[in-house]
J.: 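I'd like to ask some things about the structure below.
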Protein chains: 2
Amino acid sequence: MASIHDVAKHAGVSVATVSKVINNYPDVSDKTRKKVNKAIDHLRYQPNVVARGLVKRRSWTVGVLLTVPFTNPFVSELLEGIKTALENSGYDLVRLSTRFDDPNYSFLKHCRSRNVDGVVVFGVDKDNRGVDELIHSDLPTMFVDTDQVGKRAGYITTDNHNAIRMAVSHLSELGHRKIAYISGTLGPSMANLRLEGYRAGIRESGLEYNPSYMEVCDYSFDGGSQAARKLLELPNPPTGIICASDMSAFGAIQEIERHGLSVPEDISVIGFDNTYYAQVFKPGLTTVNQNIFNIGVRSIEFLIAMVENAEYSPPVIMEPSHLVIRHTTAKVQTV
Amino acid sequence: MASIHDVAKHAGVSVATVSKVINNYPDVSDKTRKKVNKAIDHLRYQPNVVARGLVKRRSWTVGVLLTVPFTNPFVSELLEGIKTALENSGYDLVRLSTRFDDPNYSFLKHCRSRNVDGVVVFGVDKDNRGVDELIHSDLPTMFVDTDQVGKRAGYITTDNHNAIRMAVSHLSELGHRKIAYISGTLGPSMANLRLEGYRAGIRESGLEYNPSYMEVCDYSFDGGSQAARKLLELPNPPTGIICASDMSAFGAIQEIERHGLSVPEDISVIGFDNTYYAQVFKPGLTTVNQNIFNIGVRSIEFLIAMVENAEYSPPVIMEPSHLVIRHTTAKVQTV
DNA sequence: CTGAAAGCGCTTACAG
DNA sequence: CTGAAAGCGCTTACAG
C-alpha cells in the first residue's frame with residue numbers, strides 16, 4: 001500500500017501538505033490540491049486510519065462487549081441497530097474478545113489497548129468489577145439493560161415496568177382474573193422491573209397478587225414449558241399467562257396444547273420481545289414489542305455524542321414499548 | 001493511560017528494555033525484569049496494541065464483511081463460531097461498515113486502512129468487483145459460501161450437493177415417488193449446487209425430473225408458503241417436499257395444514273439448516289444439518305494459518321452435512 | 001545485558 | 001500557501 005510519503009513524492013510536495021488535502025484544510029492552493037489528488041488517485045492511496053488514530057488518540061471504532069451469544073435474538077437485533085447507526089459514519093464496530101479466564105483481564109484496559117472511542121455493553125452483570133471500572137473512567141460507555149450510569153456512561157433499556165403492566169391490563173380487559181406471570185431469571189434490573197410491572201398491573205386491575213401464579217425460568221422454550229406445566233397443574237390454574245420472552249411463550253403454548261387445551265380459547269398467552277418468529281408462526285403471538293433495533297441505534301447516537309463532546313453526559317433512556325395484539329389472547333371463557 | 005515511557009521512567013530503564021520484557025525477550029536480567037514488571041503492575045500499564053500494530057504491520061484483528069443482517073440465523077451462528085475461535089487468541093473481530101453508496105468504496109482499501117490481518121467474507125456476490133480485488137491481493141481472505149479462491153483466499157462451504165441428495169434419498173427410502181424441491185434464489189453457487197443435488201438424487205432414485213415439482217423462493221417463511229401452495233394446486237401434487245431453508249419449510253408446513261392436510265401423514269417435509277427452531281418447535285423438523293458454527297470456527301483457523309504463514313494457501317473446504325430425522329417425514333401413504 | 005536511534009504512517013503547531 | 005520537525009506509543013537492529 002502506498003503511504004503518505006509515496007503520495008508526497010509523487011506529487012512533489014511535503015507530507016504535511018498531503019495531510020492537509022486529505023483532511024480538507026482550506027490553506028492549500030487549488031493547484032497543489034489538484035496535484036495531490038491526482039497522485040492519490042494514481043497510487044490508489046488510502047490513508048491508514050490506524051496511524052492517524054495513534055496521533056489523534058482516536059480510532060473511529062466502537063467496541064461492543066457481549067457475554068450473550070450472537071445467536072440470541074436480542075443480541076442480533078441490537079447489533080443490527082448498532083450496525084445501521086454506524087453505516088456511513090466512518091466508524092467500524094469491534095467485538096472485544098473477553099478473556100474472563102484471565103484474572104487480570106479488564107474491560108477498560110482492553111478498550112484502551114484497542115483505542116476504541118467508546119463501548120456498548122450488553123449482558124454484563126452490574127456487579128461485575130469491570131462495570132465499575134468503566135463507569136468511573138472517562139471512556140464513553142453505553143449500558144444496554146444494565147442499570148449503571150456515570151459521568152460518561154449512559155444506560156438504555158426498554159420500559160420494562162410499563163410493558164408488563166400493559167400486558168396485564170390487556171388480559172384484564174378481556175375479562176381475565178387469573179393472570180400468571182412467567183418471569184425471567186431474577187436479579188438483573190430488567191427482570192426485576194418486569195416483575196414489579198406485573199404486580200403493579202395486578203394491583204391496578206383490582207386483583208390480588210397470588211404467589212403461586214408467579215414462576216421463574218431462563219427465558220428459553222423449555223423453561224417456558226416447564227413453568228407452564230407447574231401453572232397448569234395448580235388446583236386453580238390461570239386463564240392468562242404472561243411470559244418474559246417470546247421463546248418461553250412458545251414453550252408455554254406447546255405445553256398448554258399438550259395438556260389438551262388450546263390457545264387462546266382456553267388460555268391466553270402473551271410473549272415479550274416481538275421477535276421475527278412471533279409474527280411468522282401461526283397463531284401469531286400477542287407480545288410486547290421491544291424496539292431492540294432502536295435501542296441499538298440510539299445507543300450509538302449517544303455514544304457518538306459523548307465521543308464528540310467531552311462534556312456530554314447521557315441521560316437514562318427508557319425506550320417505549322407497546323403491546324402487539326395478535327391471536328394468542330382472547331376473552332376469557334365464560335364458564 | 002500510562003505509556004511505555006512512564007513505565008521506563010518509573011522502573012529507571014529505557015523503553016527498549018521495557019519493550020523487551022513485555023515481549024518476553026530472553027536477554028533481560030532477572031533483576032531488571034522484576035523492576036519493570038513491578039512498574040507495570042504499579043501503573044496498571046497495558047501496551048497499546050494499535051501502536052504496536054503500526055510498527056509490526058499487524059493489528060491482531062480479523063475483519064468480517066457481511067451484506068446479510070445480523071438477524072439472519074446463518075449469520076449469527078457463523079459469527080458465534082468465529083467469535084469462539086477468536087476467544088483467547090488475542091484477536092478481536094471488526095465488522096467493516098461497507099459503504100456501497102460510495103462508488104470509490106473498496107473492500108480491500110478498507111481492510112488496509114484498518115490494517116486487519118485477514119477478512120472473512122459472507123453474503124457477497126462472486127461478481128462483486130470487491131471480491132476480485134480481494135482474491136488478487138495478498139490479504140488473507142476466507143469466503144464463506146462464495147465460490148472464489150486465490151493464492152491467499154480460501155473458500156469454505158457446506159457440501160450442498162450431497163446434502164440435498166441425501167434428503168431425496170431419505171424420502172425415496174420412505175417410498176415417496178413424487179418429491180418436490182423448493183429452491184432458494186438461483187445464482188449463488190450454494191443454491192445451484194443444491195438444485196443439482198436434487199436432480200442427482202432424483203436420478204439416483206430412479207425417478208424422473210419433473211419441472212413442475214421445482215419451485216424457487218427467497219428462503220423465507222412466506223416464500224415457502226407460496227411455493228408450497230403452487231405445489232399443492234398441481235393436478236398431481238407431491239407427497240414429499242424438500243426446502244432449501246428451515247424457514248421456508250415452516251412456511252410450507254403451514255400452507256399444507258391450511259389445505260387441510262397434515263405433516264407428515266399426508267406430506268413429508270424436509271428443511272435445510274437445522275436452526276434452533278427446527279428442534280424446538282413441534283413437530284420437530286426433519287432437516288439437513290449444516291454445521292454453520294463449525295464453518296465459522298474453521299474459517300478462522302484457516303485465516304490465522306494464512307496470517308501466520310505467508311506461504312500458506314488454503315484448500316477449498318467442504319464441510320460435511322447430515323440429515324437430522326425428526327417428525328416431519330414418514331412413509332408415503334399407501335392409497 | 002542495556003539503551004540510543006530510527007522508523008511504522010500519520011497530524012499539528014510553527015516558521016517562513 | 002508550504003514544509004521541516006516533533007511526536008503519537010510502540011519495536012528492532014545495532015553498538016556498547
Side-chain angles (χ1 to χ4, degrees), chain A residues 1-40 43-61 90 108-117, chain B residues 1-40 43-61 90 108-117:
Chain A
M1 279 295 274
S3 82
I4 197 172
H5 282 100
D6 303 319
V7 176
K9 193 180 302 170
H10 194 271
V13 299
S14 74
V15 300
T17 301
V18 176
S19 176
K20 282 172 192 160
V21 349
I22 293 167
N23 293 292
N24 282 313
Y25 280 39
D27 62 338
V28 180
S29 73
D30 262 22
K31 201 173 137 207
T32 320
R33 192 181 298 278
K34 264 182 200 129
K35 260 198 311 194
V36 171
N37 279 324
K38 218 168 104 186
I40 287 175
L43 298 172
R44 320 193 86 246
Y45 169 71
Q46 171 96 6
N48 181 318
V49 11
V50 171
R52 171 184 294 168
L54 190 60
V55 7
K56 307 263 299 186
R57 296 159 159 284
R58 286 278 303 278
S59 66
W60 293 273
T61 257
L108 183 59
K109 280 189 179 179
H110 193 168
C111 291
R112 299 291 195 201
S113 160
R114 276 290 174 209
N115 203 16
V116 299
D117 296 335
Chain B
M1 282 294 274
S3 81
I4 196 172
H5 282 99
D6 304 319
V7 176
K9 194 181 302 173
H10 194 273
V13 299
S14 73
V15 299
T17 302
V18 176
S19 176
K20 282 171 193 161
V21 351
I22 293 168
N23 293 291
N24 283 313
Y25 281 38
D27 61 338
V28 181
S29 73
D30 262 21
K31 201 174 138 207
T32 320
R33 192 180 298 277
K34 261 180 204 132
K35 261 197 311 193
V36 171
N37 278 324
K38 219 168 102 185
I40 287 175
L43 298 172
R44 321 192 85 247
Y45 169 69
Q46 172 96 7
N48 181 317
V49 9
V50 171
R52 172 184 294 168
L54 190 59
V55 8
K56 307 264 297 186
R57 296 158 161 285
R58 286 279 303 279
S59 65
W60 292 274
T61 255
L108 182 61
K109 278 190 181 180
H110 193 167
C111 291
R112 299 292 193 201
S113 159
R114 276 288 174 210
N115 203 14
V116 300
D117 296 335

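These values consider heavy atoms only, across backbone and side chains, with no hydrogens, waters or symmetry-generated copies. Letters A, B, ... mirror the listed sequences (proteins, then strands); counts begin at 1.
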J.: Please identify the 5'-most and 3'-most nucleotides of DNA chain C with any atom under 4.0 angstrom from a heavy atom of chain A.
T.: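 Terminal contacting nucleotides, 5' to 3': C:dG9 to C:dT12.
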J.: By a strict heavy-atom criterion of less than 4.0 Å, which residues belonging to residues 19-36 of chain A are in contact with DNA chain C?
T.: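 Contacting residues: A:Ser19, A:Asn23, A:Tyr25.
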J.: Under the salt bridge (Lys or Arg N to Asp or Glu O under 4.0 Å) rule, collect the residues that match up with B:Arg44, sequence neighbours excluded.
T.: A:Glu133
J.: Hey, which of these two, B:Ala51 or B:Gly12, hits DNA chain C nearer its 5' end, going by closest nucleotide?
T.: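 The residue closer to the strand's 5' end, by nearest nucleotide, is B:Gly12.
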J.: List the residues meeting side-chain contact (heavy atoms from CB on, under 4.5 Å) with A:Val50, not counting sequence neighbours, and say none if there are none.
T.: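 A:Asn48, B:Val50, B:Asn115.
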J.: Return the minimal non-hydrogen interatomic distance between B:Arg114 and A:Val49, and the atom names on each side.
T.: NH1-CG2, 3.2 Å
J.: State the NZ-NZ distance between B:Lys34 and B:Lys38, to the nearest 0.5 angstrom.
T.: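 Reported to 0.5 Å precision, the distance equals 11.0 Å.
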J.: Within this structure, what is the CG-CE distance for the pair A:Leu43 and A:Met1, rounded to the nearest 0.5 Å?
T.: 10.5 Å
J.: Please tabulate, one pair per line, all N/O donor-acceptor pairs under 3.5 Å involving side-chain atoms of residues 8-15 of chain B, not counting sequence neighbours.
T.:
residue : atom : partner : partner atom : Å
B:His10 : NE2  : B:His42 : ND1          : 3.3
B:Ser14 : OG   : B:Ala16 : N            : 3.4
B:Ser14 : OG   : B:Thr17 : N            : 3.2
B:Ser14 : OG   : B:Thr17 : OG1          : 3.1

J.: Checking all strands, does B:Val13 fall into the base, sugar-phosphate, or nothing category for heavy-atom contacts under 4.0 angstrom?
T.: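 Since only primed, P, OP1 and OP2 atoms lie under 4.0 Å of B:Val13, the category is sugar-phosphate.
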J.: Which residues satisfy the side chain to side chain donor-acceptor pair (under 3.5 Å) test with B:Arg58, sequence neighbours excluded?
T.: B:Tyr91, B:Asp117
J.: Under the salt bridge (Lys or Arg N to Asp or Glu O under 4.0 Å) test, which residues partner B:Arg33, sequence neighbours left out?
T.: none
J.: State, yes or no, whether a side-chain contact exists between B:Gln46 and A:Arg112 at a heavy-atom distance under 4.5 Å.
T.: no
J.: To the nearest 0.5 angstrom, please state how far the CG atom of A:Asp30 sits from the CG atom of A:Asn37.
T.: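 Atom-to-atom, A:Asp30:CG and A:Asn37:CG are 10.0 Å apart.
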J.: Convert the base pairs of DNA chain D into dot-bracket notation, remembering that pairs crossing earlier ones are written with [ ] and that bases paired across to another strand are shown as |; include only Watson-Crick or G-U pairs under 3.5 Å.
T.: |||.||||||||.|||
J.: What pairs with A:Arg52 under side chain to side chain donor-acceptor pair (under 3.5 Å), at least two apart in sequence or on another chain?
T.: none
J.: Name each donor-acceptor pair under 3.5 Å that joins a side chain in residues 19-28 of chain B to protein atoms two or more places apart or in another chain, with its distance.
T.:
residue : atom : partner : partner atom : Å
B:Ser19 : OG   : B:Asn23 : ND2          : 3.4
B:Asn23 : ND2  : B:Ser19 : O            : 2.8

J.: Heavy atom of residues 1-9 of chain A under 4.0 Å from DNA chain C: which residues?
T.: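 The stretch gives A:Ser3, A:Ile4 as the residues lying under 4.0 Å from the strand, ordered by number.
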J.: Kindly write out the residues that satisfy side chain to side chain donor-acceptor pair (under 3.5 Å) with B:Ser113, not counting sequence neighbours, or none if the list is empty.
T.: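 B:Ser113 satisfies side chain to side chain donor-acceptor pair (under 3.5 Å) with no other residue.
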